[in-house]
Number of protein chains: 2
Amino acid sequence: MEKNKKKTTIYDIASLANASPSAVSAVLNGTWEKRRLSRKLAERVMRVAEEQGYSVNVQASLLRRERSNIVGMIVPKYDNRYFGEIAEQFEAMARARGMFPVVTCTQRDPQLEFEAARELISYQAECLIVTGATDPDRISNFCAGSGVQSINLDLPGSGAPSIISDNEAAAFDLTNLILDRCQQEMGWIGPLRFVGGRLADHNTSTRLSGFLSAHKARGMEISNDHVLAAGYSAESAARVLAEFQPNEPTGLFVNSTISLEGVVRWHSGLGRLSKNVRYGCFDWDPFGSFLPGNVGMVEQDVTAMLTKAFSLINRNDVPPERYLVPCKLRVF
Amino acid sequence: MEKNKKKTTIYDIASLANASPSAVSAVLNGTWEKRRLSRKLAERVMRVAEEQGYSVNVQASLLRRERSNIVGMIVPKYDNRYFGEIAEQFEAMARARGMFPVVTCTQRDPQLEFEAARELISYQAECLIVTGATDPDRISNFCAGSGVQSINLDLPGSGAPSIISDNEAAAFDLTNLILDRCQQEMGWIGPLRFVGGRLADHNTSTRLSGFLSAHKARGMEISNDHVLAAGYSAESAARVLAEFQPNEPTGLFVNSTISLEGVVRWHSGLGRLSKNVRYGCFDWDPFGSFLPGNVGMVEQDVTAMLTKAFSLINRNDVPPERYLVPCKLRVF
DNA sequence: ACATTTTGCTCCATCGATTGCGCAAACGTT
DNA sequence: AACGTTTGCGCAATCGATGGAGCAAAATGT
């Protein structure tokens with residue numbers, strides 16, 4: 001470990017170890033036995049490389065190689081457990097398979113999503129996993145044009161295979177749970193309110209569909225004023241509820257943990273009226289079960305989704321279908 | 001956008017646009033005016049590049065260039081808001097400065113931390129920001145040996161500048177807040193318990209020191225059985241409290257949101273005794289203020305820490321000092 | 001008309017690692 | 001001793017983009 005400013009290359013090691021650059025390369029990338037180099041040379045080279053604190057120049061290496069083994073992932077935010085877990089597990093699973101994960105966070109900004117995709121392709125990523133993108137098709141088209149595989153996760157697109165939670169079934173189950181609890185704990189039977197998200201968004205509309213059919217199965221109608229999907233932020237959830245005084249029992253279906261923040265803020269400001277409220281949330285958070293009034297949450301099965309995603313990587317016969325992954329209902 | 005499997009290179013574009021590869025290169029990297037190429041040629045090349053869906057091969061480009069503009073970051077986990085925010089803001093701030101952020105998650109595994117550092121150096125990162133590492137000095141030594149700058153964040157080391165929260169001051173303030181609330185709300189004056197973390201860990205011991213001096217300032221002693229630092233996991237926090245029945249008022253200083261999960265689990269199982277408990281937590285979570293008994297949290301100032309970190313990047317006159325960043329006390 | 005400058009573009013070496021190919025020495029066979 | 005085989009290693013082309021150097025044509029000056 002010298003204090004050199006310049007980095008050691010295989011050429012430096014070659015002259016120090018009295019070998020040729022190609023021998024050094026073979027030793028350091030483990031192909032030396034295949035190339036019939038002697039163990040003696042190999043050990044000499046490895047010792048020198050160790051002493052010099054050598055590490056390959058990936059740029060040079062990948063330029064020459066045919067495959068990069070890089071898998072890219074685009075993630076919108078790290079502000080909830082869902083995406084945090086996706087990123088973390090993705091990295092671990094990629095490493096376990098000998099791939100190099102590169103994750104980048106795009107702040108739900110469509111332009112940044114596209115730039116990030118381009119950037120990952122520039123790095124010769126062989127596959128791009130696009131998570132929660134606002135415009136997945138634009139990205140999968142671009143990938144296809146560059147001969148790069150892409151896979152949608154969490155939000156579906158039509159240009160690439162999409163692995164998504166079974167939002168409808170889980171919303172159906174969660175709705176039933178909330179309805180049941182309202183009846184059991186407050187003796188109240190009635191339609192819930194749907195809070196958070198955007199109807200134009202695929203996940204929101206699918207969840208709403210499950211929400212509606214659970215009501216329909218009980219012979220309940222949902223009027224428009226019970227669908228409060230004004231956005232994902234905590235603020236918008238708090239805003240749509242601001243005027244609502246639950247003088248009688250009521251129940252809420254909350255569409256994400258971000259919206260849940262707004263709901264809980266509203267709920268905690270209700271005083272003694274708060275006992276009239278039960279709610280459940282689509283998405284999981286470790287503190288969720290301790291929030292008063294919360295009867296359950298839907299945890300999306302990140303491991304199953306990513307396992308499926310990895311099973312599609314490096315296959316070229318994958319149709320742009322949707323793969324539905326069941327969720328886990330956490331009952332509190 | 002053809003369906004080519006091979007990627008388009010500047011050579012492909014050169015022949016299609018009837019220009020030389022160097023002209024194409026100059027056009028596409030924006031140096032064409034400096035190289036006195038005509039606007040006509042430039043436009044022709046750009047049009048062809050667009051049509052072919054070209055994106056540079058970063059490997060080739062960086063191999064030839066002198067600087068990579070890559071800044072790497074190592075982060076232990078994405079399982080709490082603190083590190084999620086660090087990663088997210090780091091990416092945004094790096095991009096705003098024209099750098100390329102690469103973040104990788106190391107699961108608090110010392111070996112993986114080291115491998116990840118080596119990997120980032122292999123990618124020619126010019127600076128490595130090492131966050132929450134178990135062995136920061138090993139990494140900064142390795143970086144120094146490769147002529148790569150490194151900066152410690154969150155946990156200090158001796159081999160590189162370290163930007164850390166002012167844990168002692170914030171712990172002092174948080175302790176006082178909890179003590180005050182115990183007195184105001186329960187009429188109880190007495191020593192708190194310190195829950196979570198590991199004493200060998202720098203942050204834990206510094207926070208404990210602030211915790212102790214706040215008590216000392218009030219003439220209170222802390223006995224060893226009030227320091228319950230058996231690890232960071234929710235399980236270990238729940239375990240150390242399992243036997244504890246708060247038949248009288250009591251207060252807890254919780255050392256992280258992960259430990260807080262365990263504390264809240266314990267607290268929610270206390271039944272009517274739970275009214276005897278007040279606690280505060282070092283670290284912030286959006287649901288924290290809604291947890292019963294929680295009197296306040298410390299939010300570390302991620303923006304200030306990262307701003308400081310970026311101000312040190314690409315400077316070679318930075319001594320391996322510690323820079324303390326004040327925290328924000330959130331009072332509930 | 002000739003010299004000088006400017007414009008517009010291309011040639012080619014280079015970055016560091018990889019790998020097909022080939023050569024020489026050592027070893028084995030008859 | 002002559003010949004084939006194995007062992008051990010190096011040569012040099014290559015990946016794609018970059019940029020210094022240089023050349024020819026056009027523009028300008030005298």
Side-chain angles (χ1 to χ4, degrees), chain A residues 4-46 49 52 54-70 119 121-124 126 146-147, chain B residues 4 6-46 49 52-70 119 121-124 126 146-147:
Chain A
N4 322 348
K5 209 64 206 156
K6 298 265 13 120
K7 259 169 214 162
T8 12
T9 70
I10 54 168
Y11 299 92
D12 304 328
I13 294 178
S15 54
L16 285 170
N18 198 29
S20 73
S22 34
V24 175
S25 169
V27 170
L28 296 177
N29 67 32
T31 58
W32 59 275
E33 291 186 293
K34 203 186 317 172
R35 301 200 108 228
R36 296 182 316 203
L37 301 184
S38 65
R39 181 170 299 276
K40 217 182 72 185
L41 204 183
E43 276 162 3
R44 184 156 31 104
V45 166
M46 294 196 294
Q52 301 296 314
Y54 173 82
S55 37
V56 273
N57 182 325
V58 174
Q59 265 74 43
S61 174
L62 288 190
L63 178 57
R64 190 56 172 73
R65 280 182 198 287
E66 72 297 7
R67 303 210 26 205
S68 73
N69 272 331
I70 296 178
E119 198 177 302
I121 289 177
S122 292
Y123 277 94
Q124 310 304 105
E126 293 176 353
S146 306
Chain B
N4 322 347
K6 299 270 2 126
K7 258 169 214 163
T8 17
T9 70
I10 54 168
Y11 299 92
D12 303 329
I13 294 178
S15 55
L16 286 169
N18 199 29
S20 72
S22 35
V24 174
S25 169
V27 170
L28 295 177
N29 68 31
T31 57
W32 59 277
E33 292 186 293
K34 206 187 312 169
R35 302 201 96 211
R36 297 182 316 203
L37 300 185
S38 67
R39 181 170 299 277
K40 216 181 72 184
L41 203 186
E43 278 163 1
R44 184 157 31 106
V45 166
M46 295 195 293
Q52 301 296 314
Y54 173 82
S55 37
V56 271
N57 182 323
V58 174
Q59 265 76 42
S61 174
L62 288 189
L63 178 58
R64 189 56 171 71
R65 281 180 195 288
E66 71 297 6
R67 305 211 23 206
S68 74
N69 272 331
I70 295 178
E119 198 176 302
I121 289 177
S122 292
Y123 277 94
Q124 311 304 105
E126 293 177 352
S146 306

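Values reported hereafter were calculated over all heavy atoms of this structure, with side chains retained and with hydrogens, waters and symmetry mates removed. Note on naming: letters A, B, ... go to the chains in the order of the sequence lines (proteins, then strands), and numbering restarts at 1 for each one.
Closest approach of B:Val24 and B:Ala19 over heavy atoms only: CG2-CB, 4.5 Å. In terms of heavy atoms, B:Gln52 sits closest to B:Thr8 at O-OG1, 3.5 Å. Summarising the geometry of A:Tyr123 relative to B:Gln59, their closest heavy-atom pair is O-OE1, 3.4 Å, with the distance given to 0.1 Å. In terms of heavy atoms, B:Lys7 sits closest to B:Asp12 at O-OD2, 3.7 Å.
Between the P atom of C:dC9 and the CG atom of B:Leu28 lies a distance of 15 Å, rounded to the nearest Å. Whole-Å rounding puts the B:Asn57 CG to D:dT14 P distance at 18 Å. In this structure, B:Asn29 atom CG and D:dG19 atom C1' are separated by 10 Å, rounded to whole Å. If you measure from atom CG of B:Leu63 to atom P of D:dG16, you get 12 Å, rounded to the nearest angstrom. C:dG8 atom C1' lies 12 Å from atom CH2 of B:Trp32, rounded to whole Å. Whole-Å rounding puts the B:Arg35 CZ to C:dT10 P distance at 11 Å. Atom P of nucleotide D:dG20 and atom NZ of B:Lys34 are separated by 9 Å, given to the nearest angstrom. Here D:dT7 presents its C1' atom at 13 Å from NZ of A:Lys40, a figure rounded to the nearest Å.
Residue B:Arg64 has no polar side-chain atom (N or O) positioned under 4.0 Å from OP1 or OP2 of C:dT14. Between A:Ser20 and D:dG10 there is a side-chain N or O to OP1 or OP2 distance below 4.0 Å. OP1 or OP2 of C:dT18 lies within a sub-4.0 Å distance of a side-chain N or O belonging to A:Ser61. A sub-4.0 Å separation between OP1 or OP2 of D:dG19 and a side-chain N or O of B:Ser22 is absent. OP1 or OP2 of C:dC9 lies within a sub-4.0 Å distance of a side-chain N or O belonging to B:Ser38. The shortest distance between the side-chain N/O atoms of A:Tyr54 and the OP1/OP2 oxygens of C:dG16 is not below 4.0 Å.
A residue-by-residue look at A:Ala23 and A:Arg36 shows that A:Ala23 has its nearest nucleotide of DNA chain C further toward the 5' end. Take the nearest nucleotide of DNA chain C for A:Ala60 and for B:Leu37: the residue whose nucleotide is more 5' is B:Leu37.
Residue contacts shown for A:Leu62 are absent, as no nucleic acid heavy atom lies under 4.0 Å away. Within the nucleic acid shown, A:Ala19 comes within 4.0 Å of sugar-phosphate atoms alone, with no base atom in reach, counting heavy atoms only. Contacts of B:Thr9 with the nucleic acid, taken as non-hydrogen atoms under 4.0 Å apart, involve only primed sugar atoms and P, OP1 or OP2.
Taking the side chain as every heavy atom from C-beta outward, A:Leu28 and A:Ile13 approach each other to under 4.5 Å.
Comparing C:dT19, C:dG16, D:dG19 by their closest approach to the side chain of A:Glu66 singles out C:dT19.
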